[in-house]
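Structure record follows, encoded as structure tokens.
The analysis underlying the following values was restricted to heavy atoms, covering all of them including side chains, and did not include hydrogens, waters or symmetry mates. This one's a predicted model, so the numbers in the text were calculated from it and none came from an experiment. Order of the sequence lines sets the chain letters (A, B, ...), proteins ahead of strands, with each chain counted from 1.
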Amino acid sequence: MRLKAAGVKLGYGERLVVDGLDLGIEAGTVTTIIGPNGCGKSTLLRALGRLLKPQGGEVLLDGKRIDRIPTREVAKILGVLPQAPTAPEGLTVADLVARGRHPHQTWYRHWSSDDEGAVASALDMTGLADLAERPLDELSGGQRQRAWISMALAQGTDLLLLDEPTTFLDLAHQVEVLELVRHLHRQAGRTVVMVLHDLNLAARYADRLVAMRAGKVIAAGTPHEVLTEELLREVFDLDAKVIEDPVAGTPLVVPIGPRSHSAAPPA
Amino acid sequence: MSATAVAPRLHGLGPRRITVLLALVAAVLAAIVLSITIGSKSVPLPDVWHALTAPTGTENDIVIRSLRLPRTALGVLAGVALGVAGALMQGHTRNPLADPGLLGVTQGAAFAMVSSIILLGASSLLAYIWFGLAGALVASVAVFALGMVGGRGGPTPVTLALAGTAVSALLYALTSAIVLLDEQAMDVFRFWQAGSIAARGADVVWQVLPFILAGLVLAMLNAPGLNALSLGEDVARSLGQNIPRTRAVGVAAVTLLSGAAVAACGSLAFVGLIVPHLARSLSGTDHRWLLPYSGLVGAALLLLADVIGRVVAPPGELEVGVVLALLGAPFFVALVRRRKPVRL
Amino acid sequence: MSTLALRVGGMSWRVRPRALAVSLTGLVVLALLMALSMRLGELRMSLADVVAGTFDADSPAHFVIMELRLPRALTGALVGAALALSGAIIQSIARNPLASPEILGVTTGASVTVVAGVVASGSVYGGTSGLLATLGIPALALLGGLIGAAVVYGLAWRRGLDGYRLVLVGIGVAAVFTNIKFWLLTVGDVNDTGRAMVWISGSLNGRGWEHVTPTALALVVLVPLTLLGTRSLDALRFGDDTIAALGVRTNVARALMILAAVLLAAVATASAGPIAFVALSSPQIALRLTRSAQPPLLCSAVVGAVLTSAADLIARTAFSPLELPVGIVTAVLGAPYLIHLIWRSRK
């Protein structure tokens, strides 16, 4: 178990979003968290990445409490890409990716050959080597998102947490980003945790799905186990048919409409 | 382009950045030469050399050693300090309106100075400077503490900026009240307010030097952290940056740098407002370059303005702060108009 | 519930109850302050005296109330409202809590012309020539404010107004004006400097009906205009790109809103000097009291009026017969309150 949440209580100020949640992330898997807006999935991801301190319970990284490990050490093991990050205007792709090396640098070691190699391979892996000198704000949405992922890669962690890496992207770019994630997973055996909105893409690109509603995990397992018509009703209040994806063989959700009132009451 | 072709640029040590750095150093050196030679009494270069290497007590030797040298040294120190402090402040607050006085430093110094005049009867320049420094430190710590209170994970930029503005306004009001009641305080205050590096001896230079050096060290240590912070707090934290500590180091650096500069030379805080914008157009957003560039631009500009102030209105002099604003601001405005400004 | 809809016939408005409550409370406090400032002063009066003085022309209190205290109190409230409204507009457009009419060149421009006037004609201002004191200074201030704003506006305009560029140009121009002012203060006689400092700090001393009328007129014309513009203010954004996307009308709307902010600040400054901190703090106080995301315009104006009135009451009575410039007190009152609000919101 690489990453584990045990009885975490999460919230902002006095408002608790997640009240006592357990979740384990296996090494070498791609886990995707799904759930309706406001169910606490981003909050959970932030807590797993120690961006948000739990008000109760604990988050364990490789068996140790994450808040007891120096943040710089955590940064060498685990990379987090928050939702819709912003960069100062004029920052080039190469500069952005180079900043991913931050945890490995000290005041006397500003730019080692390791740094150089990591940045170059991160750029190569994301197919951005040709765009390295371009300012970030001149890129397309998909390229920009790849640049941010590239920064997280340059950080050289084998655990990656991505919060809605496909927001604001068109379908082609969403697939492009997710293919990259799959590639990272298969090539280097990285462990990835993502928050995604698109259920069909989530099913296609994840080993495990975690479905959340109102701060609770309702179901967790393989896409086939989780994405059932019953669960969609329970978690998303959505009446839908689940068929087999003709391309990947994963479950494919075809919505019918909002849940009809005659259905079972919420859990 | 292959990975190796990209690599040299990745060092952050591109040839352009080095060239600009050297050009700025050359500009500062040139400004130093001008500042030592030009004035109400022009000293030829051989005499300058004579005064520096083997002084024999000639009139020129005395002018150079007791007036021009300390003045020039103070100009370099104050320019570097305010330029760097301004860049730090704008980086931490991500606000183009932030100046090094934003933490209450300038008004803290002013308030302590005028209070020392009316309460303790202070009357020497050195005393004013010690009080000014103390006032700057206290005000800045108060602002930071205020920003800290109740917040988890350290003060946010907006809270810091607003708390600083509020404390500054309060101190400025109290200072105004004092100078309106006391003519001697008013007389000191109005000249301090205009800002000057003239008529301060070598002892003043030695007095502020340790503070400025300490501030510069902290500032350079702060640069990588600021780079991380400029990607947003979440990204910075995920890169392993300890945000409260980064902010605290930044505030300490700003306080030392601008506190010392302002106490010695008066309210030149807007040097720190304009200079980083100029430097940013040369360096881009990387603080490891922006900070040294800002320091050098600040020093060159401050010295140049001081030299011009000496010759422009004989037999008197114009205060350096006034000249700097009259020269620097139009240049700054032209720059802003010509190209798309680099946003923070 | 955070908003209520108010519909009369074909018209409808959205009202936020919290903003309404804050505004109404502010108006009540303002009324109390006005009543208090009628009573207090070198001559203390009972409420009955005040009422008599207001309505009975033969009452001994009539002159004090109608010629001294009332116009002064009204000037204070109106000027405070105008400055606060101006600040709220600028902060909304620049999306920057540190922005104030100062970056539009208004207050700094006015300071330069007034200090120049005082320093050049030193004794005239404080001495015998009452005409220059009452008409000369406001006219100079108005002139300087408008020139300052025109310089900033002109320099910042480049195929439209970019909020960010406006702010940067504003910094530059303000630096020039401020330092000219500093220099003028060092040139003059130290007595003139003191007199100029009083004006720079903002003062309501001796303000009469001739100050009330222009400020009131400006508010009557400009407040409805700015409220009409509120909707477009919500849509206003920083960059040229977005403006292009939203169409030219947004650009025109923004230019008009800035113009309104300039006029409000200029008229207020002409009447009472650049009263410190009201324009910057009132919108921020109102924003925190109403818990809204943007500075609420009307509410800011009410807060500004309350702040300035309270400050003037203190400035006038606390150290009587000595009088403080109101601008000193606004900062002493407003700053701790703003600090308190910041502190509370962090918890």
Side-chain angles (χ1 to χ4, degrees), chain A residues 46 49-53 70-107 110-111 113 115-117 119-121 123-124 128-133 135 137 148 151-152 155 157 161 163, chain B residues 1-14 17 90-91 94 96 150-153 217-218 220-246 249 280-290 339-344:
Chain A
R46 283 168 56 83
R50 56 89 172 80
L51 300 184
L52 183 72
K53 202 174 148 90
T71 179
R72 191 171 275 263
E73 294 308 311
V74 175
K76 291 176 186 166
I77 305 170
L78 174 150
V80 195
L81 193 57
Q83 216 176 105
T86 55
E89 210 163 302
L91 193 74
T92 63
V93 174
D95 284 337
L96 176 69
V97 177
R99 285 187 188 182
R101 295 303 293 166
H102 185 80
H104 303 274
Q105 291 163 344
T106 51
W107 61 271
H110 263 197
W111 195 250
S113 52
D115 293 339
E116 187 149 334
V119 170
S121 78
L123 284 171
D124 270 348
L128 289 172
D130 290 340
L131 299 174
E133 293 307 307
D137 31 84
W148 281 101
M151 184 206 74
Q155 204 175 325
T157 62
L161 310 188
D163 195 353
Chain B
M1 206 195 296
S2 76
T4 38
V6 181
R9 174 63 181 68
L10 289 178
H11 277 289
L13 276 173
R17 279 172 164 168
Q90 291 175 2
R94 292 173 96 179
R152 285 174 302 158
V217 170
L218 288 181
M220 286 319 290
L221 288 178
N222 208 218
L226 265 181
N227 279 349
L229 267 179
S230 71
L231 302 177
E233 295 205 0
D234 274 356
V235 175
R237 210 169 292 147
S238 75
L239 288 175
Q241 192 63 32
N242 182 333
I243 292 173
R245 194 167 66 200
T246 311
V249 170
R280 202 172 288 115
S281 70
L282 296 171
S283 70
T285 52
D286 188 341
H287 284 87
R288 288 172 303 178
W289 293 93
L290 174 61
R339 62 167 99 181
K340 209 171 159 197
V342 177
R343 274 163 217 234
L344 290 162

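Residue A:L51 comes nearest to B:R237 through the heavy atom pair O-NH1, 2.9 Å, listed as atom of the first residue, atom of the second, then distance. Taking all atoms of both residues into account, the shortest heavy-atom contact from A:A75 to B:S238 is CB-O, 3.6 Å. B:N227 approaches A:R99 most closely through the heavy-atom pair O-NH1, 3.1 Å.
Ranked by non-hydrogen atom pairs under 4.5 Å with chain B, the options A:E73, A:H102, A:R50 are led by A:H102.
Atom CD of A:Q83 is separated from atom CG of B:D234 by 10.0 Å, given to the nearest 0.5 angstrom. Summarising the geometry, atom OG1 belonging to A:T71 is positioned 7.0 Å from atom CG belonging to B:N242; distances are rounded to the nearest 0.5 Å.
At least one side-chain heavy atom of B:L231 sits less than 4.5 Å from a side-chain heavy atom of A:L96.
Contacts between A:P103 and chain B at a heavy-atom distance below 4.5 Å involve backbone atoms as well as side-chain atoms.
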